[in-house]
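Chain letters run A, B, ... following the sequence lines, proteins first and then strands; every chain starts at 1.
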Amino acid sequence: MLTTSTPTSSRPVQVKESVVIRFAGDSGDGMQVLGSQFTNTTAMYGNDLATFPDFPAEIRAPAGTLAGVSGFQLHFSSLDIFTPGDTPEVLIAMNPAALKVNIADLKPGGLLIVNAEKFVAREFEKAGITVNPLEDGSLDAYKLVQLDLGRLAKEAVSGLGLGTKEVDRCKNFFALGITYWLYNRPMDGTVRWIEAKFKDPYREANLRALQAGFNLAETMELFGESYSVPKAKLAPGTYRNILGNQATSLGLVAGAQLAGLPLFLGSYPITPASDILHQLSAYKSFNVTTFQAEDEIAAIVSAIGAAYTGALGVTTTSGPGMALKTEAMGLAIMTELPLVIINVQRGGPSTGLPTKTEQADLLQALYGRNGEAPLAIVAACTPADCFGAAVEAVRIAVTHMVPTILLTDGYLANGSEPWAVPNVADLPKIPVQFRTDPDGFQPYARNPDTLARAWVKPGTPGLEHRIGGIEKDALTGAVSYDAENHQTMCLTRAAKIAAIKVPDLVVEGDEGELLVVGWGSTYGAIHTAIEAARGQGIRVAQAHFRHLNPMPANTEAVLRRFKRVIVPEMNLGQLVKVLRSEYLIDCKPITKIKGQAFKVSELLAAIVEHSAAIPSQEH
Amino acid sequence: MDATSNGGAARALTKKDFMSDQVIRWCPGCGDYAILSQAQTVFAELGIKREELCIVSGIGCSSRFPYYVNSYGFHTIHGRAAALATGVKVANPALSVWVVTGDGDALSIGGNHTAHMLRRNVDLQVLLFNNKIYGLTKGQYSPTSEIGKKTKSTPYGSVDHPFMPAAFALGCDASFVARTVDILTKEQRDVMKAAYAHKGSSFVEIYQNCNIFNDGAWDALIEKAVRSERMMFLEHGAPMVFGGGKKGIRLNGLKPEIIELGDGLGPDDCLKHDETDSTLAILLARMDYPEFPVPMGVLYRKERPTYDALINEQLDTAKAKGAGDLQKLLLGGETWKID
């Protein structure tokens with residue numbers, strides 16, 4: 001049995017405020033495991049952090065090619081941070097392809113650790129490299145450390161009787177061991193994880209590789225010094241690290257429990273939403289039923305059927321699946337049943353970029369149905385915020401008997417951050433009442449405050465009635481083709497959405513000059529850019545939408561308080577279109593559509609530019 | 001609302017109790033009237049409580065059905081009744097769920113959902129009104145229209161090979177497959193009752209006449225004078241005899257053939273119907289006029305666990321071990337405290 005020590009470096013330790021580190025390798029190199037292990041350890045240590053995994057859609061693209069490169073970036077800090085960081089200062093590249101794809105992002109002077117044994121002609125060819133980058137001087141700007149990770153791992157696990165391929169699979173733990181030494185991190189969490197996850201001889205092999213990597217860094221004077229990033233001063237509470245999709249799943253379960261409803265998820269597997277289906281399928285003891293449907297349409301329609309019986313109906317998907325569900329959303333709107341529809345947005349159109357992030361489904365969510373078909377829309381702004389946003393979507397859906405879309409995206413879904421776990425007792429209950437009294441019952445009679453019609457479970461005696469997609473009489477719910485009635489119903493369905501009470505838009509920063517308006521996952525990058533700009537003396541503020549339909553009542557008033565409004569979005573300008581058309585305010589779009597989140601530097605540049613464009617006499 | 005629906009102990013419900021107050025808007029002379037009438041009779045005869053009856057339909061003439069029955073009903077969107085009904089039945093297995101659909105709704109736009117509902121064996125009844133035409137959209141050919149059919153969308157005749165609904169259902173591993181005709185009152189009620197009694201997806205194809213766009217589509221079979229020659233009414237365990245007892249079916253290798261009875265051949269020489277034989281069921285589903293009489297009644301019936309029961313069993317097993325602790329779930333595995 002191998003003993004693992006909690007490392008303490010014997011060399012000088014430099015204290016740093018923040019570190020951005022990126023692990024990059026082949027899809028099969030275990031980069032996501034490496035990244036998430038280092039993340040968990042860092043979270044448990046008490047840093048604030050944000051992560052960004054970046055992987056190809058293919059499960060195993062041809063080894064060594066650019067298409068097969070999988071990356072994991074982690075930003076950890078002693079401060080409160082909001083993004084996974086623009087530019088890593090440490091890059092660990094497991095092969096030439098990973099180096100080629102990622103080197104441009106590495107900060108000049110940054111630490112570059114390469115798996116040197118892969119820098120051979122055969123690998124260069126796969127990566128489309130003609131000259132050995134380790135020898136042509138192109139890496140002179142970095143602190144280059146070359147290691148034969150596979151060979152070193154092999155030595156560490158010799159005698160365990162592992163085959164070549166199996167030995168090679170240990171090298172990510174060897175690299176992890178080096179990283180733990182570099183940042184003075186305890187390895188016990190990873191040791192426990194390996195012990196639980198693997199059986200011998202792989203358990204022993206991975207443990208040995210991990211310790212050997214640490215020992216090598218300690219004894220070989222590879223690095224002049226090691227670093228420490230002190231704990232962050234976060235608000236008091238019990239924390240865990242959480243991915244966006246995990247937070248969404250937990251929010252749905254919590255929402256259902258707070259409403260006292262069984263949860264029915266109808267879903268069809270699709271990247272990057274499938275993890276919500278996976279996770280909820282394990283929660284049967286929470287009265288959660290998951291139905292992996294035959295297609296996206298059956299997924300939503302079955303959830304509508306379940307909602308009809310009095311369950312919390314939920315469907316989860318991503319853009320192409322949303323397109324398929326649109327007719328059924330109209331049915332839920334027409335029959336006025338509660339439903340939560342989750343779109344984990346990805347690059348589009350069509351199949352687009354399945355594993356990359358984008359915010360280009362906002363207009364689809366707002367308008368993408370036949371007829372006048374409004375529904376409620378909520379968007380999460382950070383991975384952990386997916387929890388609260390999901391609870392909010394549940395609250396709106398069951399309180400107002402409306403389908404509610406929750407928009408997240410790939411960046412939130414697979415990104416992680418520490419989450420102050422709420423005390424369940426403090427979460428407000430979501431009151432739900434099923435009508436059972438037949439006296440004076442009319443299927444489309446409404447609650448005067450919420451404009452919701454009554455929710456009636458089939459099985460309730462005396463309340464038998466029929467609903468459906470054909471226009472309904474405003475009171476009796478009988479089929480009606482009456483002209484006046486249709487106008488009344490269209491206006492009522494719109495008024496129902498308008499009646500949803502949503503909190504006011506909050507402005508953070510300096511009043512009066514430049515306002516940066518965002519929605520969804522751009523929150524962190526905008527927030528960080530604004531802090532940086534204000535540090536430079538620029539007067540700028542941030543307002544971020546969580547509710548996109550209805551919008552907060554003070555939206556227009558807020559926008560009019562500023563001389564200039566800019567709207568960064570990972571699309572070609574969708575929220576900006578809505579703001580312009582709703583409020584006749586000349587908001588300026590800041591757009592990026594590369595399947596990647598905004599960098600703080602990009603937004604800072606936009607803020608600087610637009611701040612300067614405000615006529616000086618108005619200052 | 002009628003107070004008689006409360007409890008059910010008050011009095012036995014009649015057909016009339018299942019009639020809604022809605023004006024029926026099918027064309028005069030439509031076969032749908034006959035089916036609605038038989039179904040309402042059956043609901044009463046089976047003693048189904050109105051509040052427990054939930055009729056789910058798609059789009060098409062037949063799919064207006066739920067509006068005309070005084071029970072819970074959901075008129076959904078084109079092709080999706082099977083999927084919505086699956087959600088209903090899984091979420092509340094106590095309901096008696098009936099899917100009412102047509103040849104276009106169930107086999108064209110909703111073919112995928114029909115297939116998956118049948119293979120899953122969701123416990124519900126499917127009444128598929130087959131009139132071999134699109135009625136509500138005013139007369140285009142359907143997936144059961146015969147080759148060569150001239151319709152508004154096929155002025156040169158249809159070149160689409162048609163589905164045989166019963167064979168489709170068996171191909172989807174349906175656990176109950178039956179066939180009946182709109183105008184056959186008793187036979188139709190018997191089939192509906194058998195479908196109700198069966199635990200699982202009970203697929204009932206009903207030959208139905210659209211007197212506007214495809215009038216007389218089934219006349220070759222159902223004209224009184226030829227009926228007994230051209231249809232064969234199946235009975236479990238009984239020999240396959242038709243034509244007023246003068247003809248029968250026997251197997252020649254793997255193929256059925258018609259034999260004339262009398263002259264040394266009797267019912268004992270005929271093939272005996274076995275509802276539980278899936279191979280026989282396929283053979284029966286594919287027997288078609290004019291080569292053969294069309295087999296009517298229950299072609300196949302064999303229970304297997306239903307999807308809604310299995311999924312709820314898993315749920316109950318998990319819940320029996322104790323309700324989940326939400327706080328624990330939120331905390332997850334590893335946490336740290338900041339004071």
Side-chain angles (χ1 to χ4, degrees), chain A residues 40 43-44 46 189 234-242 250 253-254 257 262 264 266 283-287 289 291 293-295 297-298 301-306 308-311 313 327-328 331 335 421-424 438 441 457-470 478-479, chain B residues 1-3 5-8 20 22 49-54 56-57 59 66-67 70-77 80 82-92 94-95 112-113 115-116 311-312 314-315 317-319 321-324 326-327 329-339:
Chain A
N40 289 346
M44 293 299 294
L234 299 175
T238 302
Y239 283 77
R240 63 173 283 191
N241 192 50
I242 196 157
L250 295 181
V253 176
Q257 299 257 310
F264 179 99
Y283 294 160
K284 296 196 190 303
S285 64
F286 292 88
N287 216 357
T289 301
F291 172 58
E294 58 271 23
D295 61 25
I297 299 171
V301 166
S302 62
I304 294 172
Y308 177 54
T309 70
E327 187 194 11
L331 179 67
T335 53
V421 181
N423 190 348
V424 169
F441 171 66
K457 290 183 193 176
T460 311
L463 294 183
E464 296 83 8
H465 66 283
R466 276 65 59 192
I467 57 173
I470 296 187
V479 170
Chain B
M1 292 295 134
D2 180 350
S5 64
N6 287 323
S20 80
Q22 297 294 295
K49 289 181 188 167
R50 285 202 315 217
E51 66 269 20
E52 286 170 1
L53 178 59
C54 183
V56 182
S57 66
I59 293 290
Y67 291 124
N70 191 0
S71 68
Y72 284 95
F74 204 142
H75 178 217
T76 73
I77 43 179
R80 319 301 169 203
L84 193 131
T86 299
V88 169
K89 186 67 184 181
V90 167
N92 185 356
L95 296 172
N112 193 33
H113 307 306
H116 289 276
I311 206 167
N312 279 291
Q314 278 192 348
L315 205 62
T317 307
K319 287 193 282 190
K321 289 180 190 154
L326 183 60
Q327 190 69 62
L329 182 74
L330 300 191
L331 287 167
E334 310 232 29
T335 59
W336 68 98
K337 263 206 162 99
I338 293 180
D339 299 314

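Atom CG of residue B/L95 and atom OG1 of residue A/T309 lie 7.5 Å apart, to the nearest 0.5 angstrom. With values rounded to the nearest 0.5 angstrom, B/I311 atom CD1 is found 6.5 Å from A/F264 atom CZ. Atom CD1 of B/I77 sits about 4.0 Å away from atom CD of A/E327, to the nearest 0.5 Å.
The shortest non-hydrogen separation linking A/I297 to B/H113 is CG2-NE2, 4.1 Å. Contact between A/T460 and B/E51 at its shortest, heavy atoms only, is O-CB, 3.6 Å. Among all heavy-atom pairs drawn from B/V88 and A/Y308, the shortest one is CG2-CD2, 4.0 Å. Counting all heavy atoms, side chain and backbone alike, B/T86 lies closest to A/F291 at CG2-CZ, 3.8 Å. Of all the heavy atoms in B/A318 and A/K284, the pair that sits closest is CB-CB, 3.5 Å. Heavy-atom minimum distance, A/N287 versus B/K319: OD1-NZ, 2.8 Å.
In terms of heavy-atom pairs under 4.5 Å with chain B, the best-connected choice from A/A235, A/A328, A/P458, A/G469 is A/P458. Between chain A and the options B/D339, B/L329, B/V56, heavy-atom pairs under 4.5 Å are most frequent for B/L329. The candidate from B/G322, B/A115, B/A83, B/G333 with the greatest count of non-hydrogen atom pairs under 4.5 Å with chain A is B/A83. If you tally non-hydrogen atom pairs under 4.5 Å between each of A/I470, A/T238, A/I242, A/I467 and chain B, the highest count goes to A/I467. Ranked by heavy-atom pairs shorter than 4.5 Å toward chain A, the options B/H75, B/Q22, B/K89 are led by B/H75. Per-residue heavy-atom pair counts under 4.5 Å with chain A were compared for B/S57, B/G87, B/A82, B/P66, and the maximum is reached by B/G87. Of the listed residues B/N92, B/L330, B/I59, the one with more heavy-atom pairs under 4.5 angstrom with chain A than any other is B/L330. Ranked by non-hydrogen atom pairs under 4.5 Å with chain B, the options A/V424, A/T335, A/N241 are led by A/V424. Taking B/A323, B/A94, B/A91 one by one and counting their heavy-atom pairs under 4.5 Å with chain A, the maximum is reached by B/A91.
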Checklist entry - So B/K337 and A/Y239, side chain to side chain contact (heavy atoms under 4.5 Å, CB included) or not? Walk me through it. => result CA-CA 6 Å; B/K337 263 206 162 99; A/Y239 283 77; over 6 Å; no

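In this structure, B/E334 and A/N40 have side chains that are not in contact, with every pair of non-hydrogen atoms separated by 4.5 Å or more. Residues A/H465 and B/Y72 are in side-chain contact: their nearest non-hydrogen atoms beyond the backbone lie under 4.5 Å apart.
With sequence neighbours excluded, the residues that form a salt bridge (Lys or Arg N to Asp or Glu O under 4.0 Å) with A/E294 are B/R120.
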